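The model shown is predicted, which means the values in this text are computed figures rather than measured ones. Every chain is numbered from 1, with letters handed out A, B, ... down the list of sequences.
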Number of protein chains: 2
Amino acid sequence: MLYIGFNRKIFMMELDALDKQLVALLQEDCKKTTKQYADALQLSKTAVYERIRRLERTGVITGYVALLDKSKVNRDFTVLCHIRLVQHTKENVLRFEREILKLEEVSECFHVGGDYDYILKINVEDMKSYREFMITKLTAINNIGNTQSSFVINEVKNTPSVHI
Amino acid sequence: MLYIGFNRKIFMMELDALDKQLVALLQEDCKKTTKQYADALQLSKTAVYERIRRLERTGVITGYVALLDKSKVNRDFTVLCHIRLVQHTKENVLRFEREILKLEEVSECFHVGGDYDYILKINVEDMKSYREFMITKLTAINNIGNTQSSFVINEVKNTPSVHI
DNA sequence: TAAATAATAGAATATTGTTCTAATTTTGAT
DNA sequence: ATCAAAATTAGAACAATATTCTATTATTTA
């Protein structure tokens, strides 16, 4: 259990086997009816309903979203861009991250250890728009040392879900 | 428009401004009521309902999923793992990808050009389980040359959605 | 072991999704 | 530009589902 502040205990939610099954189903498809999940878990509608509400209330489930076919919306040119900063002062790091958050082309950005400082996933229409993005938006950010772009040839697997 | 096979025309779906707004809303939260989207777009329930059905039917929307707080399910140790293959024959590539698809710890895997051949996103509980994963599962796959692991220090941004 | 708490099932109700009909708008050919 | 055809939309009617409620059962804990 975690202790936060003074005497405020936050318990890690315990997920039993049914919760885990349920979460797995919801990560695959969150639009089925309560009855369908209930049948899969051999529970009543109410039991499943209450479990889902609890998963939401405790923050295990953070939201429900639609997924798109990127090729159908002209955003299937994906690049994994590695970035090194020049200076790593707190101000520089925070400013860089703040600027990155403004860029709609960036769907993921991780601060990492190792060869580079940041790894970004960028979704644009084509190479031309990537070049435009790089020149006018990304490298326009101060303090970027150098970058290395890995162009995605094929998405072998790409899911927002995690196995638990 | 795309021509596939003999005289079979597949039209790229045209998304108007309302479709784009709607898709943006659905990528943020797909569990609102039709009426809520209708109000946001200043349309009737039916209009929105039909637009959503069309987006689904044409494959723009591929599904609806629940998102989890990885820290709440003990999977918030994220690693971006770069992999080089020894040989790049078609058989080797396909076999490697087939093996990767079996690994539940891997949520994303991209075949990329550049320094490395593949970049994987791996979600596990902690460094100990990552080590275990590396030894018993990943490097157990044949034909892997070398790997470079970038450990995630901080998720600046991480969304499955794309801006259109 | 007993009391308290939490989880579950099934029924009742409220809300929302889905279909239907008619009106309106848009498209495409002449 | 004009008209017919097709697609989109609004509002009402209906069907399905979510949500709440009550009682029962299971689980915890003192």
Which nucleotides of nucleotides 7-22 of chain C have their base under 4.0 Å from a protein heavy atom (B), which only their sugar-phosphate (S), and which neither (-), written as one string 5' to 3'? -SBB-----SBBBB--
Do the side chains of A:Asp39 and A:Lys35 get close enough for a salt bridge, i.e. N-O under 4.0 angstrom? yes
Judged by atom type as modelled, is there a donor-acceptor pair below 3.5 Å linking the side chain of B:Ser150 to the main-chain atoms of A:Gly114? no
Using the rule salt bridge (Lys or Arg N to Asp or Glu O under 4.0 Å), only one of B:Glu155, B:Glu105, B:Glu108 pairs with B:Lys121; which is it? B:Glu108
For the residue pair B:Ser149 and B:Tyr130, confirm or rule out a side-chain donor-acceptor distance under 3.5 Å. yes
Hey, is A:Glu132 close enough to A:Lys137 for a salt bridge, meaning N to O under 4.0 Å? no
Lys/Arg N to Asp/Glu carboxylate O, A:Arg53 vs A:Glu50, below 4.0 Å: no
Reading DNA chain D in the 5' to 3' direction, which nucleotide is the first one with an atom under 4.0 Å from a heavy atom of chain A, and which is the last? D:dT17 to D:dC21
Examine the side chains of B:His88 and B:Asp117 and answer whether a donor and an acceptor come within less than 3.5 Å of each other. yes
